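Structure first, then comments.
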There are 2 protein chains.
Amino acid sequence: MGHHQLDELDYKILKLIAANARIPFLEVARECNVSGAAIHQRVQKLTNLGILKGSEFIMDSNKIGFETCAYMGFYLKNPGDFSHVVEELRKIPEVVECHFTTGQYDMFIKLFARNNQHLLEIIHTKLQPIGLSRTETLISFREIFRRQLPIEEVENMD
Amino acid sequence: MGHHQLDELDYKILKLIAANARIPFLEVARECNVSGAAIHQRVQKLTNLGILKGSEFIMDSNKIGFETCAYMGFYLKNPGDFSHVVEELRKIPEVVECHFTTGQYDMFIKLFARNNQHLLEIIHTKLQPIGLSRTETLISFREIFRRQLPIEEVENMD
DNA sequence: TCTGAAACAGTATTTTG
DNA sequence: CAAAATACTGTTTCAGA
């Protein structure tokens, strides 16, 4: 799947910067016992490979005014309308994740709203008009934890 | 809820650094027409307020060997066992999000696995023994998009 | 092809007002 | 919050393994 080109150093770098995007590369270099230039080159390589897709700050959603986090699964009224629906979902800033799924639903999204009232408003005025059917909403009462993917080197089959 | 103490500059800073954790603060400063020291102080303030909770690199899960992304909702066999279950879930590195929810389930988690076979393995050997009941699993066939919370200044009621 | 030492440009952070 | 000063980092270059 393309990840076997990564060696131990790559994984070590990923593990360090995944958990802290602002860690100085020189500090990463010291922990890995290589030069800063090496880290710089590796990070560039990982970016070029599409493994690193950018960085972001993690914010407390409640503290910036989004008290309600919800997940929604739904079917489409007109299957085959996928791409249109996706485009419409993209226009709704409160929708922060969008997945194609198998099983219970056609699609699955995560969204934030200022409060439960605002969530209902988004569902009624923005989501329903798109053409969804059999929607089910799940409200997260509290996010207990959230973290990065486990980064470990896997069996290298050279 | 505590977010009314933020002014326009705070929101502008948040918007810029949320989308790119490695943007130089001096560049943020230029875009905001303030000094670098101001940005530094604001970021520190936002961190102290708990609004900024760290930073991370975004990685392509497929490219580091996690081809399967799943969501699972479930009830607990012994309600009241919440904290024990949470502790057990924390020990499973593949579980990347954990929520208390209302409605369909007691809890809801997001997890990654190397492939579908690995997912089943995790469910059977790690999750089921914890004491979950009526689990439902939803497999994300593809993550279409993923982005940050919408950051906008809301009505200031000073 | 990859590494690491050196050099430069630029940034983070502190101090001061 | 701005300006200035210092210490440090990001990035490029280049020689060598």
Side-chain angles (χ1 to χ4, degrees), chain A residues 1-60 63-64 148 151-158, chain B residues 2-60 63-65 148 151-154 156 158:
Chain A
M1 219 70 256
H3 57 279
H4 287 122
Q5 53 202 312
L6 302 185
D7 64 15
E8 199 181 339
L9 178 57
D10 291 313
Y11 279 102
K12 197 160 180 183
I13 294 170
L14 284 177
K15 197 178 288 194
L16 287 166
I17 69 176
N20 176 8
R22 284 195 79 91
I23 188 174
F25 289 175
L26 288 181
E27 196 174 323
V28 176
R30 283 190 293 270
E31 294 218 37
C32 296
N33 292 110
V34 297
S35 71
I39 302 297
H40 183 254
Q41 288 162 8
R42 293 291 184 123
V43 169
Q44 196 126 313
K45 182 191 77 175
L46 292 166
T47 303
N48 291 338
L49 287 172
I51 292 171
L52 290 175
K53 303 198 293 184
S55 61
E56 60 188 22
F57 264 91
I58 304 159
M59 292 174 292
D60 186 311
K63 291 185 178 164
I64 57 171
Q148 280 277 30
I151 299 166
E152 334 133 344
E153 194 163 7
V154 282
E155 71 294 340
N156 230 308
M157 3 176 160
D158 295 336
Chain B
H3 58 280
H4 288 122
Q5 51 202 314
L6 303 184
D7 64 13
E8 199 181 340
L9 178 56
D10 290 314
Y11 280 102
K12 198 161 180 184
I13 293 170
L14 284 177
K15 198 178 285 193
L16 288 166
I17 69 176
N20 177 9
R22 285 196 77 90
I23 188 174
F25 288 173
L26 286 181
E27 195 174 323
V28 177
R30 284 189 292 270
E31 294 218 37
C32 296
N33 293 110
V34 296
S35 72
I39 302 298
H40 184 256
Q41 287 161 9
R42 294 290 186 125
V43 169
Q44 197 126 313
K45 181 191 77 175
L46 292 166
T47 302
N48 291 339
L49 287 172
I51 292 171
L52 291 175
K53 303 198 292 183
S55 61
E56 60 188 20
F57 265 92
I58 305 159
M59 294 174 292
D60 186 312
K63 290 185 179 165
I64 56 170
Q148 279 277 31
I151 300 166
E152 333 134 344
E153 194 164 5
V154 282
N156 230 308
D158 293 337

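Quantities reported herein were computed from a predicted structural model and do not represent experimental measurements. Chain A is the first sequence line, chain B the second, and so forth, proteins listed ahead of strands; every chain is numbered from 1.
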TODO: Produce a footprint string for nucleotides 2-17 of chain C: one letter per nucleotide, 5' end first; B if the base is under 4.0 Å from any protein heavy atom, S if only the sugar-phosphate is, - if neither.
DONE: -BBB-----SSSB---
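- Residues B/Ile51 and B/Asp10 are not in side-chain contact: their nearest non-hydrogen atoms beyond the backbone lie 4.5 Å or more apart.
- Summarising the geometry, atom NE2 belonging to A/His40 is positioned 11.0 Å from atom CG belonging to A/Leu26; distances are rounded to the nearest 0.5 Å.
- Side chain of A/Lys63 to backbone of B/Leu49: a donor-acceptor contact under 3.5 angstrom is found.
- Under the 6.0 Å distance and 45° angle rule, B/Arg22 counts as a cation-pi partner of A/Phe25.
- B/Ile151 CD1 to B/Leu14 CG: the interatomic distance, rounded to the nearest 0.5 Å, is 5.5 Å.
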